Amino acid sequence: MKLNIFLILLFLINLNFIYSFNFKKDIKITNEEINISTYNPWVFQDRLNLYSFLINSTNIPIFGIDNSNNCLHGLQLQFEWQNRSGRLEINQGHVNTQSWWGDMNYYLSIIPYLSAMKMGLVPVVEIQSINDQRFCTTYEDCDQEVLGNWDNFFQQIINIRNNGSQGDDQQLLKFMWTAHIGSIDKATKLFTDSLLLLPKNELRFGNGWAHFVDVIATVNFNTNYSMVYHLGQQLPPIMLNNNDTNPSSIESFTKEQRNVVLTMYEINDLSSNSLVWNSFMYLLKKMTKNEICRNLINDEINRFLNSPIPTIIQILFDILTNNC
């Protein structure tokens, strides 16, 4: 009797061992299948890697064989310029969470990535949180209107791929700029605290730059690699300080860089009066519906972006007030 009980127990132990081994083996395989990498958006290289995923995963024929015409290049190149010029205030590889430039860029990097991930275009990753609700880390927790604009852009990418067509680059740019402006508008409202931490002249430049984006969006500026790379050479290589009130006196800057700073100062001053700025933007958008006016405005803005002059705003005003 005792022998029978012993044999039964031995059988059950062996059965449990076999079951446990197989169960653990199954769990291990399952973990490998759902292994998800975590990215810290406040580590410069992590955010840069997400940009690489985003750009490489959205290549379509209209962007060229080398993908250099991809309009998302502009986002990454701007992020790299912000790093080179010290605007991300990086310490040991980490972007300062109180850097206005870094905060604004979050809505032009992590937000579009979450949208592209939802659309199945990029690798699925986990975004590390810093427990600040302004920096959402999942699609569900982010502003749905802002995400919706990016969804529309990425849907265009998907449609072009599915149709096997070249696609319309101007139409695609319109979707991109709608999403871009939506991100900036949202971020501008969220990060007034970090904006006020900037030196007064850097604040003027940054606010002017944010509003200048409205202008280049109106003319559907192509933010591909070559266009933005060239523009990056004209941007100030360091942050502006409280003594840089007069750009012409910044000896370490090139003439073009001084002209860009001066223009952003002017746009900042213009946008401080919402009535004047809104009227200016209304006229600009209205005039771009006229082909002749649109071509004139495009030519002047593109000329400025390639070789900045100090009078671009005055030139645009002259075009608008003289009905082209």
Side-chain angles (χ1 to χ4, degrees), residues 50-81 105 107-109 111-113 115-122 146-185 212-235 281 284-307 312 316 319 324:
L50 293 178
Y51 269 135
S52 295
F53 290 149
L54 199 56
I55 293 169
N56 293 334
S57 299
T58 52
N59 194 4
I60 51 178
I62 201 171
F63 291 157
I65 297 175
D66 61 356
N67 202 23
S68 62
N69 199 42
N70 192 324
C71 54
L72 296 177
H73 274 298
L75 300 177
Q76 179 175 330
L77 289 170
Q78 281 289 287
F79 185 56
E80 291 174 339
W81 161 70
N105 177 266
Y107 275 71
L108 292 170
S109 55
I111 302 302
Y113 193 92
S115 170
M117 189 166 70
K118 179 76 171 180
M119 305 293 282
L121 283 171
V122 294
V146 174
L147 280 169
N149 290 330
W150 285 108
D151 291 350
N152 292 337
F153 168 71
F154 291 121
Q155 186 61 56
Q156 295 303 306
I157 299 282
I158 293 171
N159 291 345
I160 291 171
R161 280 184 176 171
N162 291 343
N163 296 335
S165 63
Q166 279 288 114
D168 183 339
D169 62 338
Q170 289 302 306
Q171 188 68 16
L172 197 58
L173 282 170
K174 287 181 180 178
F175 279 100
M176 186 280 294
W177 277 118
T178 297
H180 192 126
I181 294 299
S183 279
I184 286 185
D185 286 349
F212 180 63
V213 171
D214 286 334
V215 176
I216 61 176
T218 300
V219 299
N220 232 22
F221 176 69
N222 193 338
T223 51
N224 61 23
Y225 186 88
S226 61
M227 294 293 285
V228 179
Y229 178 81
H230 185 77
L231 173 61
Q233 310 308 304
Q234 326 288 2
L235 299 178
M281 288 305 302
L284 187 64
K285 291 174 182 177
K286 182 179 179 180
M287 289 299 184
T288 54
K289 294 178 181 179
N290 177 296
E291 185 177 0
I292 296 176
C293 294
R294 182 172 64 250
N295 290 338
L296 278 172
I297 293 168
N298 282 350
D299 288 346
E300 290 300 337
I301 290 178
N302 279 302
R303 190 175 293 118
F304 170 79
L305 294 172
N306 281 284
S307 183
I312 180 61
L316 291 179
I319 292 174
C324 306

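Quick caveat, the model's predicted, so the values are computed rather than measured.
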>> Does atom CD (Gln170) have a neighbourhood of more than 12 heavy atoms from anything else shown, all under 6.0 Å?
In response: yes

> Got a donor-acceptor contact below 3.5 angstrom from the His73 side chain to the Met227 backbone?
Replying inline: no

> Would you say the side-chain atoms of Thr288 pair up with the backbone N or O of Lys285, donor to acceptor, closer than 3.5 Å?
Replying inline: yes

> In Å and rounded to the nearest 0.5 Å, what is the CG to CD distance from Leu305 to Glu300?
Replying inline: 11.5 Å

>> Can you give me the closest heavy-atom contact between Ser109 and Tyr51, atom names plus distance?
In response: CB-OH, 3.3 Å

>> Any heavy-atom pair between the side chains of Ile312 and Leu316 that's under 4.5 Å?
In response: yes

> Are any side-chain N or O atoms of Asn56 and backbone N or O atoms of Ser52, one a donor and one an acceptor, separated by less than 3.5 Å?
Replying inline: yes

>> If I take atom CG from residue Asn67 and atom CD1 from residue Ile62, how far apart are they, to the nearest 0.5 angstrom?
In response: 12.0 Å

> Which distance, rounded to the nearest 0.5 Å, do you find between the CG of Asn149 and the OG of Ser183?
Replying inline: 8.0 Å

>> Quick one, Cys71 with Asn222, criterion side-chain contact (heavy atoms from CB on, under 4.5 Å). Give me CA distance, side-chain angles, the key distance, then yes/no.
In response: CA-CA 6 Å; Cys71 54; Asn222 193 338; 4.1 Å; yes

> About how many Å separate CD1 of Ile292 and CE of Met287, when rounded to the nearest 0.5 Å?
Replying inline: 11.5 Å

>> Set out, in order, the CA-CA distance, both residues' side-chain angles and the distance that settles side-chain contact (heavy atoms from CB on, under 4.5 Å) for Phe63 and Ile157, then state yes or no.
In response: CA-CA 11 Å; Phe63 291 157; Ile157 299 282; 4.0 Å; yes

> Taking it one step at a time, do Trp81 and Gln78 satisfy side-chain contact (heavy atoms from CB on, under 4.5 Å)?
Replying inline: CA-CA 5 Å; Trp81 161 70; Gln78 281 289 287; 4.0 Å; yes

> Does any N or O in the side chain of Gln234 come within less than 3.5 Å of the main-chain N or O of Ser307, such that one atom is a donor and the other an acceptor?
Replying inline: no

>> Within this structure, what is the OG1-CG distance for the pair Thr223 and Leu72, rounded to the nearest 0.5 Å?
In response: 7.0 Å

>> So, taking the atom named CG in Asp299 and the one named CD1 in Ile319, what distance separates them when rounded to the nearest 0.5 Å?
In response: 8.5 Å

>> Among Leu108, Ile55, Asn105, exactly one meets side-chain contact (heavy atoms from CB on, under 4.5 Å) together with Leu75. Which residue is that?
In response: Leu108

> Passes side-chain contact (heavy atoms from CB on, under 4.5 Å), Leu121 versus Arg161? Steps please.
Replying inline: CA-CA 11 Å; Leu121 283 171; Arg161 280 184 176 171; 3.5 Å; yes

With a cut-off of 3.5 Å and sequence neighbours excluded, list every side-chain donor-acceptor pair involving residues 172-179.
unit_1	atom_1	unit_2	atom_2	d
Trp177	NE1	Phe221	O	2.8
Thr178	OG1	Lys174	O	2.9

> Shortest non-hydrogen contact from Phe154 to Met119?
Replying inline: CB-CG, 4.2 Å

> What closest approach, in Å, do Asn302 and Asn306 show between heavy atoms, and which atom pair accounts for it?
Replying inline: O-ND2, 2.7 Å

>> Does the plane of the ring in Phe53 sit parallel, tilted or perpendicular to the ring in Tyr113? Use 30° and 60° as the thresholds.
In response: tilted

> Strictly by modelled atom types, are Asp151 and Gln155 linked by a side-chain donor-acceptor pair under 3.5 Å?
Replying inline: no

